[in-house]
Amino acid sequence: MPESYSRVGGMRDLLPTEASHMTLVEETFKSTLASYGYDEIRLPTMEWTVLFQRGVGEDTDAVGKEMYTFEDSSGESISLRPEGTASCVRAAISNTMLRGDRPRLWYTGNMFRHEQPQKGRYREFMQVGAEVFGYTGPDIDVELIQICEDVWRKLGISDRIDLQINTLGNLESRLAFRNALVDFLVPLKGTLDPDSVRRLDTNPLRILDSKSEETQNLLQNAPRLTDYLDEPSTKYFEELRRILSEAGVSYSVKERMVRGLDYYSHAVFEWHSDDLGAQSQVGGGGRYDGLVERLGGSACPASGFAVGIDRIALVRDAAGKSADHRSCDVYVISLDSSGDTYVNKISRILREQADLRVRKHHGGGRVKNRFRDADRSGALWALVVGEEEMAAQTITLKPLRTDEPQITIATEAMIDFFNDKLKKDLAN
RNA sequence: GUGGGUGUAGCUCAGUGGUAGAGUCCUGGAUUGUGAUUCCAGUUGUCGCGGGUUCAAAUCCCGUCACCCACCCCA
């Protein structure tokens, strides 16, 4: 340990301005998910390592080489969660939530991946996600997409985020395609990039979204997944697109899109933005009908999404919409200590009856410094009580953000005053 | 894991071998019942850390750490 304490590598301190921005994004998701009738679930920050190995897949980067893994005192391997879906599925199974019910759940929390940090990519980052269980049709997939589209609109970033969708078909279709793809690629093994050669064995579908230009050229003549979709899979995707269009959601189909985590089937979708440095993805999801069974539950279709809260905040930053943080709405100053009791009472009333953030001055000091502190707090108003006000049962209100003159009003009229005027100011 | 960049005042940065700097912020005063704005005055510091070269190092050399950006991959 160095002389002075520093952060653990890659961990961040989110200072009040950033923190309140994160909270804004989080709250928007929270209220939107609630408006669709989804229930919150809180999940542990760590799980047995095997859950992620089994649920996410050991050949994914997130699990294979980026997990924070250590042993607990019993010698069992534990990992900090690199994503939320596996935990959510585990929780749904182990709390018997899937017996006779079809839960629609959402969660939020910090995720951990030991990668090299850069813009939009952090070792600890915030995600919000939703998972729905027991629904087979594309209608619920579209609802998941719509929830996020609603959030983009509320946050004012719809025009900066693009939706891309694709289908992976059902298991049979995908296996048939996978075989055809491998047959096509094996003879070309010598010309593929090293990563793709490795994936030929582990996860050939992932070769499709390889970033290697040469590999992409080779793929020009590769078999196409759409040619291998069976009747039900084709219908599923057509239906999905129809409902999406009906809902007025614009999207593009990316035939080569395969999700990084390898439990998906049928619908897969991703949202992208240009505002993230070298990163582009703000979120994604899809259907994962086989995962519940894979993790020990009875077969149960499921679908979900995950969105990076940090990345949404970055998109808002780029749009010039980052929340300007104010600590409080009203800063209360008593000019001499004999007024403290009176001022405490006023502050409490304002907090309880006018739904205001009220910061009271503490620590004495000169009058001019009290007003200086009022200004720095970001408050819209300074509320001043001195001898004159106490004697007359009034308060003086000084606007700190406009040139309007200060006014003195009867204390008993203060709630009405704030509920009318201040609310209007806050709305702007 | 690999590459590039940056570390100097609380913050943003200038300073390529010879006294440690600017802007901003902060503190005080002009203004003892009024902030922000204006004017005046003042404080900023292990120059990331360790070693080396030199009469002399923020500056050159070696090492090291941290952060940023990018590869890879993803939220």
Side-chain angles (χ1 to χ4, degrees), chain A residues 1-13 15 25 29 56 59-66 81-85 108-129 148 161 193-196 198-199 203 206 209-212 258-262 270-273 276-285 305-315 331 333-336 339 361 365-390 396-403 405-406 408:
Chain A
M1 186 57 62
E3 296 160 24
S4 62
Y5 294 102
S6 60
R7 285 171 295 183
V8 171
M11 301 294 111
R12 294 172 296 160
D13 301 314
L15 305 185
V25 175
F29 265 105
V56 182
D59 49 314
T60 63
D61 283 6
V63 169
K65 49 187 197 193
E66 296 170 355
R81 56 183 175 187
E83 57 104 56
T85 300
T108 184
N110 43 357
M111 307 295 163
F112 301 84
R113 295 183 196 175
H114 195 121
E115 309 181 84
Q116 209 50 246
Q118 66 189 65
K119 183 166 186 177
R121 203 183 66 181
Y122 314 105
R123 287 184 178 174
E124 179 185 15
F125 58 98
M126 300 297 299
Q127 267 189 357
V128 57
C148 293
I161 294 182
D193 62 283
D195 277 339
S196 296
R198 190 167 40 79
R199 287 182 186 143
N203 193 345
R206 294 270 311 280
D209 59 6
S210 163
K211 277 184 182 165
S212 157
V258 194
R259 296 279 297 147
L261 315 178
D262 57 10
E270 291 179 354
W271 286 276
H272 290 266
S273 168
L276 302 173
Q279 265 56 242
S280 77
Q281 194 181 332
V282 296
F305 71 76
V307 169
I309 291 175
D310 311 82
R311 291 189 174 179
I312 296 300
L314 280 178
V315 173
Y331 193 96
I333 297 170
S334 126
L335 292 175
D336 59 278
H361 181 80
R366 304 184 202 200
V367 171
K368 88 178 262 179
N369 289 355
R370 300 185 192 197
F371 276 88
R372 188 193 59 201
D373 291 347
D375 182 50
R376 289 179 186 171
S377 75
L380 301 176
W381 300 83
L383 188 157
V384 191
V385 173
E387 281 178 16
E388 295 165 22
E389 285 85 357
M390 291 234 294
T396 293
L397 287 168
K398 172 165 181 160
L400 297 172
R401 309 294 155 210
T402 69
D403 291 331
Q406 66 183 39
T408 298

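Proteins get letters first, then strands, A, B, ... in listed order; numbering begins at 1 in each.
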Chemist: Can you sort out the partners of Asp13(A) under salt bridge (Lys or Arg N to Asp or Glu O under 4.0 Å), two or more places apart, ordered by chain and number?
Modeler: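 Once residues adjacent in sequence are excluded, the partners of Asp13(A) under the salt bridge (Lys or Arg N to Asp or Glu O under 4.0 Å) criterion are Arg7(A).
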Chemist: With sequence neighbours excluded, tell me which residues meet side-chain contact (heavy atoms from CB on, under 4.5 Å) with Met111(A).
Modeler: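 Residues passing side-chain contact (heavy atoms from CB on, under 4.5 Å) with Met111(A): Arg81(A), Tyr107(A), Phe125(A), Gln127(A).
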Chemist: Quick check: any donor-acceptor pair below 3.5 Å linking the side-chain of Glu115(A) to the base of A75(B)?
Modeler: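 For Glu115(A), whose side chain was compared with the base of A75(B), there is a donor-acceptor pair (under 3.5 Å).
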Chemist: Which pairs with one or both residues in residues 369-383 of chain A pass salt bridge (charged side-chain N to carboxylate O under 4.0 Å, His left out), sequence neighbours excluded?
Modeler: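 For residues 369-383 of chain A: Asp375(A)-Arg401(A).
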Chemist: Where each residue is assigned the nucleotide of RNA chain B containing its nearest heavy atom, which of Ala306(A) and Gly277(A) is assigned the position nearer the 5′ end?
Modeler: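 So the residue in question is Gly277(A).
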Chemist: Could you check whether the side chain of Arg311(A) and the base of C74(B) have a donor-acceptor pair of N or O atoms closer than 3.5 Å, going by distance alone?
Modeler: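 Flag set: donor-acceptor pair detected.
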Chemist: Determine the contact category for Gly10(A): base if any of its heavy atoms lies under 4.0 Å from a base atom, sugar-phosphate if only primed atoms, P, OP1 or OP2 are that close, otherwise nothing.
Modeler: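 Sugar-phosphate, backbone atoms only, no base.
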Chemist: Quick one: does Glu66(A) reach the base of C74(B) with a side-chain donor-acceptor pair under 3.5 Å?
Modeler: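 No pair found.
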Chemist: One character per nucleotide, please: for nucleotides 29-40 of chain B, 5' to 3', B when the base has a protein heavy atom closer than 4.0 Å, S when only the sugar-phosphate does, - otherwise.
Modeler: S---BBBS----
Chemist: Checking Lys65(A) now: which residues fulfil salt bridge (Lys or Arg N to Asp or Glu O under 4.0 Å) with it, not counting sequence neighbours?
Modeler: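 For Lys65(A) the salt bridge (Lys or Arg N to Asp or Glu O under 4.0 Å) partners, ignoring immediate neighbours, are Asp61(A).
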Chemist: For nucleotides 2-8 of chain B, just jot down a letter per nucleotide in 5' to 3' order: B, S or -, based on protein non-hydrogen atoms under 4.0 Å.
Modeler: B------
Chemist: Can you name the side-chain hydrogen bond (donor to acceptor under 3.5 Å, both in side chains) partners of Glu389(A), sequence neighbours left out?
Modeler: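 So Glu389(A) forms a side-chain hydrogen bond (donor to acceptor under 3.5 Å, both in side chains) with Thr396(A).
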Chemist: Would you give the length of the straight line joining atom CD of Glu124(A) to atom CG of Asp310(A), rounded to the nearest 0.5 angstrom?
Modeler: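 Those atoms lie 9.0 Å apart.
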Chemist: List for me each residue that meets side-chain contact (heavy atoms from CB on, under 4.5 Å) alongside Ala313(A), sequence neighbours excluded, and say none if there are none.
Modeler: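 side-chain contact (heavy atoms from CB on, under 4.5 Å) check on Ala313(A) returns His21(A), Met22(A).
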Chemist: Just to verify, what does Glu115(A) make a side-chain contact (heavy atoms from CB on, under 4.5 Å) with, not counting sequence neighbours?
Modeler: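 Partners of Glu115(A) under the side-chain contact (heavy atoms from CB on, under 4.5 Å) test: Glu66(A), Arg113(A), Arg121(A).
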